[in-house]
Amino acid sequence: QVQLVESGGGLVQSGGSLRLSCAASGGTFSSLAMGWFRQAPGKKREFVSAITWSGDNTHYGDSVRGRFTSSRDNAKNTVYLQMNNLKPEDTAVYYCAASNLDYGIGLYTSEWQYDVWGQGTQVTISS
């Protein structure tokens, strides 16, 4: 069973950038589709991005499209989320997740499609 650990969160000003990392261990990372979700206080967990096993295909939620970019390095068992032009409404705990479906070829937007979750990393954007 793969395990996921996120890092890179923090406090930045509106308009700034952060890069989150999610390191995987204990499984075959290159066969997994990966996703990022976020949860703000008092709100439901929200889909942010998805990436296929190869990294060739990505998909983003409407609220982050054009500002966030997901990528992965299978040699390092790591997936990244580059976040630019951050806004106060991006404040949330960000989670990465791994999916065993379809040998990693899909782009999944629902929580139930993911099997393993990280512990989350806090991102806070000040206005």
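Along the sequence shown, residues carry numbers from 1.
In terms of hydrophobic clustering, with Ile, Leu, Val, Met, Phe, Trp and Tyr side chains grouped at heavy-atom distances under 4.5 Å, Tyr95 and Tyr108 are assigned to a common cluster. Cluster annotation: Phe68 is connected to Val79 through the hydrophobic network of ILVMFWY side chains, with a link wherever side-chain heavy atoms come within less than 4.5 Å. Cluster annotation: Leu107 is not connected to Ile105 through the hydrophobic network of ILVMFWY side chains, with a link wherever side-chain heavy atoms come within less than 4.5 Å. The hydrophobic cluster containing Ile51 also contains Val116, counting ILVMFWY residues as joined when their side-chain heavy atoms lie under 4.5 angstrom apart, directly or transitively.
Arg72 places a side-chain N or O within 3.5 Å of a backbone atom of Trp53 that can act as its donor or acceptor partner. In this structure, Thr78 contributes its side chain and Lys76 its backbone to a donor-acceptor pair below 3.5 Å. Under a 3.5 Å cut-off, the side chain of Asp73 and the backbone N or O of Ala75 do form a donor-acceptor pair. Checked by atom type and distance alone, the side chain of Ser54 pairs as donor or acceptor with a backbone atom of Asp56 at under 3.5 Å. Side-chain atoms of Gln82 do not come within 3.5 Å of backbone N or O of Thr69 as any donor-acceptor pair.
With a 4.5 Å cut-off on side-chain heavy atoms, Thr121 and Val93 do not count as touching. Between Leu81 and Arg19 the shortest side-chain heavy-atom distance does not fall below 4.5 Å. Proximity of Leu4 to Trp117: side-chain heavy atoms (C-beta onward) are nowhere separated by under 4.5 Å. In this structure the side chain of Val12 never reaches within 4.5 angstrom of the side chain of Ser126, judged on heavy atoms.
Residues Phe47 and His59 place their aromatic rings such that the two centres sit under 6.0 Å apart.
Cation-pi check for Arg65 over Tyr60 is not met; the charged atom does not lie both under 6.0 angstrom from the ring centroid and within 45 degrees of its normal.
Here the straight-line distance linking atom NZ of Lys87 with atom OG of Ser14 works out to 8.5 Å at 0.5 Å rounding.
Here the closest non-hydrogen pair linking Val5 and Gln119 is CA-OE1, 3.7 Å. Taking every heavy atom of both residues into account, Arg67 and Leu86 meet most closely at NH1-CA, 3.9 Å.
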May I have the list of side-chain donor-acceptor pairs in residues 20-45 shorter than 3.5 Å, sequence neighbours left out?
| from | atom 1 | to | atom 2 | distance (Å) |
| --- | --- | --- | --- | --- |
| Ser31 | OG | Thr28 | O | 2.9 |
| Arg38 | NE | Glu46 | OE1 | 2.8 |
| Arg38 | NH1 | Asp90 | OD1 | 2.8 |
| Arg38 | NH1 | Tyr94 | OH | 2.9 |
| Arg38 | NH2 | Glu46 | OE1 | 3.4 |
| Arg38 | NH2 | Ser63 | OG | 3.2 |
| Gln39 | NE2 | Lys43 | O | 3.1 |

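Side-chain contact, Ser17 with Asn84: a donor N or O sits under 3.5 Å from an acceptor N or O.
Gln122 is linked by a side-chain hydrogen bond (donor to acceptor under 3.5 Å, both in side chains) to Thr124, counting only residues two or more places apart in sequence or in another chain.
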